[in-house]
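Shown next, in structure tokens, is the structure this report addresses.
Excluded from the calculations below are hydrogen atoms, water molecules and symmetry mates; all remaining heavy atoms, backbone and side chain alike, are included. Residue numbers start from 1 in every chain, and the chains themselves are labelled A, B, ... in the order their sequence lines are given, proteins ahead of strands.
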Amino acid sequence: MATAIAPSAKHADAPINQKLTPQDKLDLHRQMVRIRAFEQLSLQHYVGNKMAGFLHLYIGQESVAVGTISLLGKNDHVITAYRDHGHALAVGMSMNECMAELFGKATGCSKGKGGSMHYFAPDKNYWGGHGIVAGQTPLGLGLAYGLKYKGLKGAALCFLGDGAVNQGTFHESLNLAALFNLPVVYIIENNGYSMGTSQERSSAFKSCLAERASGYDIEWELFSGEDIYEVRARTQVAIERAHNESRPTVLEIATYRWLGHSVADSSHSGGYRTKEEIERHQAEHDPVEVWKRNLLAEGIATEAELKKIDKEAFTEAEESAEFAKNSPYPEPESIFEDVYWEVDNKTDSGRSGRHFFND
Amino acid sequence: MATAIAPSAKHADAPINQKLTPQDKLDLHRQMVRIRAFEQLSLQHYVGNKMAGFLHLYIGQESVAVGTISLLGKNDHVITAYRDHGHALAVGMSMNECMAELFGKATGCSKGKGGSMHYFAPDKNYWGGHGIVAGQTPLGLGLAYGLKYKGLKGAALCFLGDGAVNQGTFHESLNLAALFNLPVVYIIENNGYSMGTSQERSSAFKSCLAERASGYDIEWELFSGEDIYEVRARTQVAIERAHNESRPTVLEIATYRWLGHSVADSSHSGGYRTKEEIERHQAEHDPVEVWKRNLLAEGIATEAELKKIDKEAFTEAEESAEFAKNSPYPEPESIFEDVYWEVDNKTDSGRSGRHFFND
Amino acid sequence: MPRQITYRDALREAFDEELARDPMVVLMGEEVAQYNGAYKVTKGLWEKWGDKRIVDTPISEAGFIGMGIGASMLGVRPVMELMFWSFYTVAWDQIINNAGMVRYMSGGKINCPIVIRGPANGGTGVGATHSHTPENIMASFPGMKVVCPSNARDAKGLMKTAIRDNDPVMFMESTALYGELWEVPSNDEVPGGELIIPFGVADIKRAGTDLTLIAHGRAVITCLKAAEMLEAEHGIKAEVIDLRTIRPLDEDTILESVAKTHRAIYVEEGKPFCGVGAQIAYTIQNKVFDELDAPVQRVCSLDAPAIYSPPLEKIQLPYPEVIVAKALSIC
Amino acid sequence: MPRQITYRDALREAFDEELARDPMVVLMGEEVAQYNGAYKVTKGLWEKWGDKRIVDTPISEAGFIGMGIGASMLGVRPVMELMFWSFYTVAWDQIINNAGMVRYMSGGKINCPIVIRGPANGGTGVGATHSHTPENIMASFPGMKVVCPSNARDAKGLMKTAIRDNDPVMFMESTALYGELWEVPSNDEVPGGELIIPFGVADIKRAGTDLTLIAHGRAVITCLKAAEMLEAEHGIKAEVIDLRTIRPLDEDTILESVAKTHRAIYVEEGKPFCGVGAQIAYTIQNKVFDELDAPVQRVCSLDAPAIYSPPLEKIQLPYPEVIVAKALSIC
Ligand SMILES: Cc1ncc(C[n+]2csc(CCOP(=O)(O)OP(=O)(O)O)c2C)c(N)n1
Ligand SMILES: Cc1ncc(C[n+]2csc(CCOP(=O)(O)OP(=O)(O)O)c2C)c(N)n1
Ligand SMILES: [Mg+2]
Ligand SMILES: [Mg+2]
């Protein structure tokens, strides 16, 4: 968890960050505040019973998705777990389709069929949104396999949590990644807790979780995620390793979730962490504030200009909620769509024999 | 594989080996040759179509099971995979029940229901005999958990192959073993191949497979298994760690399988290893020969006395085949026995409601 | 006025009583101890029983369930929570090949007195991967036992039986029922001083003469609502049978009822293909063919993965009106 | 005289032709390349196609099948071997929650054109954990397709269809059939120059008027033997239907046959509870109730885990005499 980490060094002058224009830097800020605004609005409407199931909020971790994904090019791909709103907006999905999905509307990114944990945008190289802990880790490997198979120079970023490292599929994936030389970057977003369980109570480790990679002869690194400069500088090394050497990397990025595991956990049940700890992270390690300081220090924006960005983000979020509210629910018939490709596409195969057994 | 290892140092004077009486040392020899004789006989009868399914032979690896299991006391337990004949005889199961099991007879250790891969003897702390690669690794952990839960000072030895280390359950088990401080000793019997795949083609590793344990802060060691003195000396350290600190260990013991993966592979299909490699191991690394040299050098036995032990073992094996041949097959009704404890024991619960659905 | 408690509290009472009765009983799972359980079913038990008896595990279902199975071979009696039954998918090999088959493959030398428990239901907006209803799959394997209580009283009585049973028991609860209240007698109100409900004994929840509605788990509640509508609106008297346990199965109660009503509908929240209802329908037509005045019918979840969209998810699962319509089609 | 090849060679021909047709097709699995396959089904393909197209994997079914599923989202078409279908148990989550549900949860944005294949049968003395027959389980999930060829011709034609299909296909073979010879036309003997057999079309292997025997996979062969005995010894003309694919399912062919014969028996090597036969029996009685002169019957594996002992394993599985006896009980 962030507290276990020395304050991040200044990485502003890493070549990859030197490339950033003032506009780029403002856009990074805009993306983080858009994620936060979107999630604050979604929380309001969740509490207002506009949606069902879980709502796993990303607030506090925005710099990780925004920083890492800002490095990606046209053949780079992203896949993550159920805490997927931040990554979705970072890859360029619209607030409208994301909010509508939460409301279960036909205009949602998954037509209302997936919900909060299951956002997808293949056109933006975004492959979800997966609810089974670590279930996405072999899929991320497969994206890297596909890139290599097709002879494309790209990387697959596969995000997982600190609790997910204890699922066997992650380890099988590490062995395969190293053995087959696949361009996958596993990014452990270590927010210190898996639900109500601290890292210490869920995982045995030597210096950190990422170090488990060394048993597979895979390069690994641990660093703080609060400063986008550092996230970009350190992640770029892994992406270049993937692009140029087709070798995997495991990154462990220390971060912190401000809210409950899901809204159901808003009380941080069982007191698994203290109010003080949360407040300290909010006061000292807020990635939005850290980045804001950079922007102000570099004279890239004034307080007022940044306030304006906050306001725009909040307005966009409110409009997306309006959009979601006013969108129709899917038609009952649509329950049987998107089950079989061959049926949806009315191919001969899709018409041959019975596919559904309702009576 | 053994060739990757420096010739084993002399461990004869380790305290645990100093304790061995001449009789003990002869018994160790006897056990190895009994295993070899048993398997040679079983191979004959397999080829003679007296049994079905697979026959995974242990010949060449005898020193590992015999050496490690010779260290165990009344609260120490053993579990392994499908290559389980050697461990079974080493824990004290009789050739008769083991051979009869291969023949599928009612007098077999599993009443003819399990076959070659599924030997069990709970009365001898022997828990199988498991066919799913690495499926036994969480069970071994559970044996250690049970020991600790009951407050007993013991260890669970869980054997697995070099190919099994790539199953996720093994890694989940390592994390749990370290996290819960469980007295389990994982013994990777590294015979260099998983079926027709060499270690290099199946596993990514740094210095060796056991080193993966360090990512979980678990102690590990790699050593050659050809000399029982070394096997005992090094394994004893892990057992004492389990007994005294209730901490896990991962041992990787280099060994070699002389025959095919199973009899089906007698031709070492696809030439995944050379005749020369096999012959070199048989000539230079035969654990029975290595131990024999020790016995002769120490003047514990003469060639003649050792020949006599070989003959007795072979006779015992032949008699077990006779026993198996003359034993009855299970009765058809027995198909429905040993499915439910409550039914077998005719309890109220076993009599309540329908348990079997044959019509 | 008789005591009413929730399904959740009824389960907790069963755990608490069995923890007190047998020192070998241990509860394990993700968040079951310090967090009091994701659905608070184990609330307060860690505080009362401590680290040895109530154990938090990492997110390693195959690992900790396999560990529990191994420990059970030494006489420990683990009651293991799957936060959702859906997560059996990552532990399937340990459950079926080890717990389900080691007794047979060892010729009866071993038995695994374990309980695997948790909610197994859709309808809560968590999407397809979190809405598995695997009772048909579990029950298809000889060696397994499958329990699906439809109410708090059964939940307590069946859980106590499950923990004492010496075979692997798959105990399937419902998040939709955890908060519901039912009459559950306190121990001093029951003969023998404790509430025990045997496996393999179905419960006739409502007597009827015209039609037999058979179900398990929450679908039983839906059937009871449908039965009321059928009587009130159509004068059709439906008998409602709650299987309680799917394996072992109380076939006699089903067949006797159908012999009386001559019509049967199986209702379940699982998918239709090879569902529990398929097995029961086969058995009914096979054993009391001549008693049937109409084909056996089924009402199941609509045959697609569980959809998220709340209004559609609601109609994907069986509801009383569908059962009524199905009933009218054969009455 | 027409060409005869083995079931094994028929599969290999299908792979070879599809590897040549589509560069995105890749075969993966344990020992499929350099070792030529544990059962030699992929013999010679690695030598011909090389490392890129024929890939040996470590023993990590969840890992490499999940990897193949991920690659399929990018348009690669992996044909993945499970050395035994029994090993699906360690990869179950990847198979069902990822391949089986990602299309639905993404609102149709993704599809997984994968084939998972291997032998799914008992009867070979490998014990309970290696004798799974999961066709009923796989077919119970909407989104999955399940194929069980009973002969070499179907094995080739259905495998080519499976590889071209854009949904996840579970392809179940039989070690007991790999070595058997059947007539399989060479490409120049078939219209269109290649042998393709569509999914969802059952095959009437033998026409009859008195009784319908329905089966899939190797049980079809057992039914044909039983049908001969029934005719020769009892003058009963049994129609034998080979489903070929369980999902999609050719219900029409089944129902038309039963409407003609008025009697049906489902035969399968799987376990009875919630087996494929339960689903088919439900459908028959539900759809053509009035055509039935007797209850639908089933012949399945005897309801216990697969036993090792060779003579008992033989009688645990369906054999012709049992089918004949069952037939006589309703004819
Ligand atoms: C296989 C599986 N087990 C359990 C769960 C329930 N669950 C969902 S999230 C979660 C905690 C995961 O924590 P972590 O990996 O640290 O990710 P974070 O929530 O902190 O982002 C658990 C136990 C699940 N979804 N899948
Ligand atoms: C989950 C699973 N996958 C595949 C197999 C088939 N199989 C049996 S043994 C084996 C090789 C295992 O090699 P290793 O672990 O090195 O043990 P060894 O045979 O060398 O003793 C394989 C692939 C299996 N039994 N279980
Ligand atoms: Mg976390
Ligand atoms: Mg090996």
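The local environment of NZ in K52(C) is crowded, with over 12 non-hydrogen atoms from other residues, nucleotides or ligands closer than 6.0 Å. By the neighbour-count criterion of 12 heavy atoms within 6.0 Å, atom NZ of K314(C) is sparsely surrounded, having that number or fewer from other residues, nucleotides or ligands. Around CD of E322(A), the count of heavy atoms belonging to other residues, nucleotides or ligands within 6.0 Å exceeds 12.
When side chains are defined from C-beta on, S202(A) does not count as touching I59(C), because their heavy atoms never get closer than 4.5 Å. A 4.5 Å side-chain heavy-atom check between Y308(C) and H118(A) finds every atom pair outside the cut-off. Residues D359(A) and K326(C) are in side-chain contact: their nearest non-hydrogen atoms beyond the backbone lie under 4.5 Å apart. Using a 4.5 Å heavy-atom cutoff, the side chains of E331(A) and L312(C) are not in contact.
Looking at every heavy atom in both residues, P332(A) comes nearest to I315(C) through CB-CD1, 4.0 Å. Nearest heavy atom pair, residue P310(C) against residue G104(A), reads CD-CA, 4.1 Å. A pairwise comparison of heavy atoms in G131(A) and H130(C) identifies O-CE1, 3.2 Å as the closest pair. Here the closest heavy-atom approach between residue N166(A) and residue P58(C) is recorded as ND2-CB, 4.0 Å.
Looking at Q34(C), its side chain never comes within 3.5 Å of a backbone N or O of G196(A) through a donor-acceptor pair. When atom types are taken as modelled, the side chain of T129(C) and the backbone of I132(A) share no donor-acceptor pair closer than 3.5 angstrom.
Between F54(A) and F84(C), the two ring planes are perpendicular [angle over 60°; tilted spans 30° to 60°].
Note: P311(C) leads A306(C), A38(C), A62(C), P311(C) in heavy-atom pairs under 4.5 Å with chain A. Among A33(C), S86(C), S60(C), P305(C), the residue with the largest count of heavy-atom pairs under 4.5 Å with chain A is S60(C). Per-residue counts of heavy-atom pairs under 4.5 Å with chain C were compared for G114(A), P330(A), G163(A), A106(A); the largest is that of P330(A). Looking only at heavy-atom pairs under 4.5 Å with chain C, the residue among A264(A), G112(A), S203(A) that has the most is G112(A). Ranked by heavy-atom pairs under 4.5 Å with chain C, the first of V339(A), V133(A), I335(A) is I335(A). Interface summary for chain A: among K271(C), E47(C), R298(C), E61(C), the most heavy-atom pairs under 4.5 angstrom belong to E61(C).
Heavy atoms of S334(A) lying under 4.5 Å from chain C belong exclusively to its side chain. For M117(A), the part sitting under 4.5 Å from any heavy atom of chain C is the side chain, from C-beta outward, and nothing else. Proximity to chain C (any heavy atom under 4.5 Å) is restricted, for H355(A), to the backbone atoms N, CA, C and O. For chain A, the nearby part of V90(C) is the side chain; its heavy atoms alone come within less than 4.5 Å.
When the side chain to side chain contact (heavy atoms under 4.5 Å, CB included) test is applied to N358(A), the partners found at least two apart in sequence or on another chain are F336(A), F356(A), L302(C), D303(C). Applying the side chain to side chain contact (heavy atoms under 4.5 Å, CB included) criterion to T175(C), with sequence neighbours excluded, gives Y39(C), P119(C), N121(C), T124(C), Y178(C).
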Start with the C-alpha gap between E30(C) and T197(A), add the side-chain angles, then the distance that decides, and say whether side-chain contact (heavy atoms from CB on, under 4.5 Å) holds.
CA-CA 9 Å; E30(C) 293 152 19; T197(A) 305; over 6 Å; no

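Interatomic distance, NZ of K113(A) versus OG of S309(C), reported as 10.0 Å (0.5 Å rounding).
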